[in-house]
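For reference, the structure discussed in these notes is given below.
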Amino acid sequence: MRQISYRLRGQPIIIHVVETEDDLSEFREWISHTELAGFDTETTGLDWWNVDREFRLRLAQFGTAHEAYVIPVEKGPAFADAVRWALLGLDLLVAHHATYDLHVVDACLGIPMEDLAPKVWDTRILAHLVDPRSVLERGPGLSLEDLTRHYICETTADEVKGSMRALALKYKTTKARIWRLVDIRDEDFNRYAGMDPVLAYRLLRILYRLVPALSRAQGLIGWEHRLAHVTALMERTGYLLDVEYAERCSADLAQQEEDAKARAKRYGVQNINSNPQLADAFKALGVRLTKKTPKGQLAMDDEVLTGISHPLADLVIKARKALKWRKTWFESALQSRDSQDRVRASINSLQARTARMSITGAVPAQTYPSDSGYVRHMWLAEEGHVSCSIDFGNMELRYLAAFSRDRTMLGAFRDGLDLHQITADAAGVNRKVGKMANFLTVYGGGWRALVQQAGVDEQTARKTLHAFNATYPGVGALAKRLSGEARKTGYIYTSTGRRLPVDKGRWYAAQNYFVQSGSRDVTARALLRLHRAGFGPYMRLPIHDEVVFSFPGREAPEMAREAARLMEFEVQGLLIPADAEIGERSWGSVLDRADSKH
DNA sequence: AATTGTTGCACC
DNA sequence: AAACGGTGCAACAATT
């Protein structure tokens, strides 16, 4: 056993580094006297799904406020056994972004996450309930480093961050590669590794008390942890990739991009993705560019380009689109598949300021093009299954109607009337503009935004929003109440007891936060219900107001009906309906089928 | 060489 | 009176 000491705000921390199998008895002794421990793992990378390839668990660390144990799992089965024993024996565990460590333990140590999740605290969840803002938004942030800096000690935060950078330098490698290369006996590495569970343990103590009373009273801590578990199960399941289809699309797009690039060269453009070069080229062609970006450069976006009647503009649009689609959708999926052609989304169940979930990594499903199934076709339901999508109807507008108690809006939804047409008729505009006005109000937009989006003149935009306010006076009253609350306290509370900070001078955003966050919580609770009812294995992805499933072909209609019924939610007496759409095997087929129906 | 900021674009 | 909310990713450009 080796001892490494660290000073945290003047207090000594002892990090015990287990070296031999004999050392494990002291570790076991310590664990048996411990009820709650911080937990963390160090691995060769982040791709826990590649455990049958090169992914390995290297270290496992346990810690309390002043002490930590570092176990070199990589050294042999005896060490892995000790870690398994400790994880199963401890009453409670706390980890930062526990989902990752649960995946690692599941994949590398064979303890299903279902067994550990009920006794795991996640400091990231608590931190979000206390303050969801990133450092960029002048909040405490959500990473262990940022939280350490904000709540514990700036020096320690800097050292923790700096240590892996320094190690990479020492090993003459990069920060991405250091994890697999570093010697597990390295003292700096062990100090870094040992401090993580200590910090998680301390953060739990600090953050728990800071979670707003209303959040606690309404059980948010509990159900956010259960939700994180449900989304982690979806991550573990992964999504089956149609490799052949994805490769074909990728090749097609590469060809389109090459063609466009080659033709652009004739107009003297070497790099079609460089906006300064494009600006020069267009100037040389006699095109006058006026639109500026927020930072004052010449804008070269879709709007500008479609306004230029020159072949070069079309080529830029084509090449850009082909590049983005190929890289962001298809190649990212192809590169991240495991040995069984499954791909893992990273589902952050509690991400945005409003608590909205985000999906990152190889399946950025929230941003897939929605006007056709082209991209979504690459994702397949299981063998013998079909894809199914269940989405809530008009979730945010219904939520707004329910909580504003606006009689006209509530009545429209209750009687199945066309809300967009009602707004349009009141303003004397067409349905499209009425619809835009409805959504814009949810977002807190004004007439300028309507001018931008609908392409109507200022007069019409003002008139439309005026008509909206006159038609749905309850909405304005809710907005006023919420922005007033924000102005007075800096926060609003959502109906689930979540406290959301509102930035100074952007009080108008309060209404959108209320609606967006409340709607997210409806989806969140739907996921919990689905999981409790046994739908876990069939769920693939949550996408704001939609859940994607893989259902056995024969039972699909019945299961879809049952799942939709479970998801439907009543807020303040108003139903938010859920509608199921069943396709063929690929996710894209659901979209194509829905298209052809309408 | 790696990180950070900016722009553009995909979505609800 | 007016105020467009929330994301993620890739490329380029500038900085460290």
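Note that the coordinates shown come from a computational prediction; the quantities given were computed from them, not determined experimentally. Lettering follows sequence order; numbering is per chain, from 1.
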Practice prompt. Identify whether any heavy atom of A:Arg520 sits under 4.0 Å from a base atom; if not, whether one sits that close to sugar-phosphate; answer base, sugar-phosphate or nothing.
Written response: nothing

Nt span of DNA chain B in reach of chain A heavy atoms at under 4.0 Å, 5' end first, is B:dA2 to B:dC12

### Task
Apply salt bridge (Lys or Arg N to Asp or Glu O under 4.0 Å) to the pair A:Glu224 and A:Arg520, showing each step before the final yes or no.
CA-CA 12 Å; A:Glu224 286 300 345; A:Arg520 175 276 187 193; 2.9 Å; yes

*asked:* Is it the case that over 12 heavy atoms from other parts of the model lie below 6.0 angstrom from the NZ atom of A:Lys432?
replied: no

A:Leu253 atom CG is separated from C:dA10 atom P, nearest whole Å, by 15 Å

If you look at every strand shown and take non-hydrogen atoms under 4.0 Å, does A:Trp507 touch a base, only sugar-phosphate, or nothing? nothing

From CZ of A:Arg448 across to C1' of C:dA1 the rounded distance in Å is 11 Å

Remember a base hit wins even if backbone is also touched, and classify A:Lys295 as base, sugar-phosphate or nothing at under 4.0 Å, heavy atoms.
sugar-phosphate

Looking at A:Tyr368, I'd like to know if the NZ or CZ of A:Arg376 sits under 6.0 Å from its six-membered ring centre while staying within 45 degrees of the ring's axis.
no

- Using 30° and 60° as the class limits, which term best fits the ring planes of A:Tyr239 and A:Trp587: parallel, tilted or perpendicular? parallel

Report yes if the side chains of A:Lys170 and A:Asp186 come closer than 4.5 Å at any heavy-atom pair, otherwise no.
yes

*Please state whether the phosphate of C:dG6, meaning OP1 or OP2, lies under 4.0 angstrom from any side-chain nitrogen or oxygen of A:Arg506.*
yes

| Any luck finding a side-chain donor-acceptor pair between A:Ser495 and A:Tyr399 under 3.5 Å? | yes

| field | Separation between the P atoms of C:dC4 and B:dC11, rounded to whole Å | value | 22 Å

Closest to the 5' end of DNA chain C, once A:Arg462 and A:Tyr443 are matched to their nearest nucleotides, is A:Arg462

Q) So, does A:Arg320 use its side chain to make a donor-acceptor pair with the main chain of A:Ile317 at under 3.5 Å? A) no

Item checked: A:Gln366 vs C:dG6: side-chain N/O to OP1/OP2 distance below 4.0 Å -> no

- Quick one: is C:dG5 close enough that its OP1 or OP2 comes under 4.0 Å of any side-chain N or O from A:Arg353? no

A:Leu440 atom CG is separated from C:dA3 atom P, nearest whole Å, by 10 Å

For C:dC9, does OP1 or OP2 lie under 4.0 Å from any side-chain N or O of A:Trp329? no

Whole-Å distance, A:Trp325 CH2 to C:dA11 C1', equals 18 Å

Which of A:Tyr192, A:Phe189, A:Trp179 passes side chain to side chain contact (heavy atoms under 4.5 Å, CB included) with A:Leu167? It is A:Phe189

Here the residues of residues 297-323 of chain A within 4.0 Å heavy-atom distance, strictly under, of DNA chain B are A:Gln297, A:Ala299, A:Met300, A:Asp301, A:Asp302, A:Arg320

- Message: Using a heavy-atom cut-off of 4.0 Å across all strands, would you classify A:Phe439 as base, sugar-phosphate, or nothing?
- Response: nothing

When rounded to whole Å, the CG to P distance for the pair A:Asp545 and C:dT7 reads 17 Å

A:Asn348 atom CG is separated from C:dG6 atom P, nearest whole Å, by 17 Å

inquiry  = Is there a side-chain contact between A:Asn512 and the phosphate of C:dC4, meaning an N or O under 4.0 Å from OP1 or OP2?
reply    = no

The single option from A:Arg344, A:Glu235, A:Arg236 that satisfies side-chain hydrogen bond (donor to acceptor under 3.5 Å, both in side chains) with A:His103 is A:Glu235

- Item | Is_stacked (A:Tyr508, C:dA3) at 5.5 Å, 30 deg | no

**Message:** Looking at C:dG8, I'd like to know if its phosphate oxygens (OP1 or OP2) sit under 4.0 Å from a side-chain N or O belonging to A:Thr360.
**Reply:** no

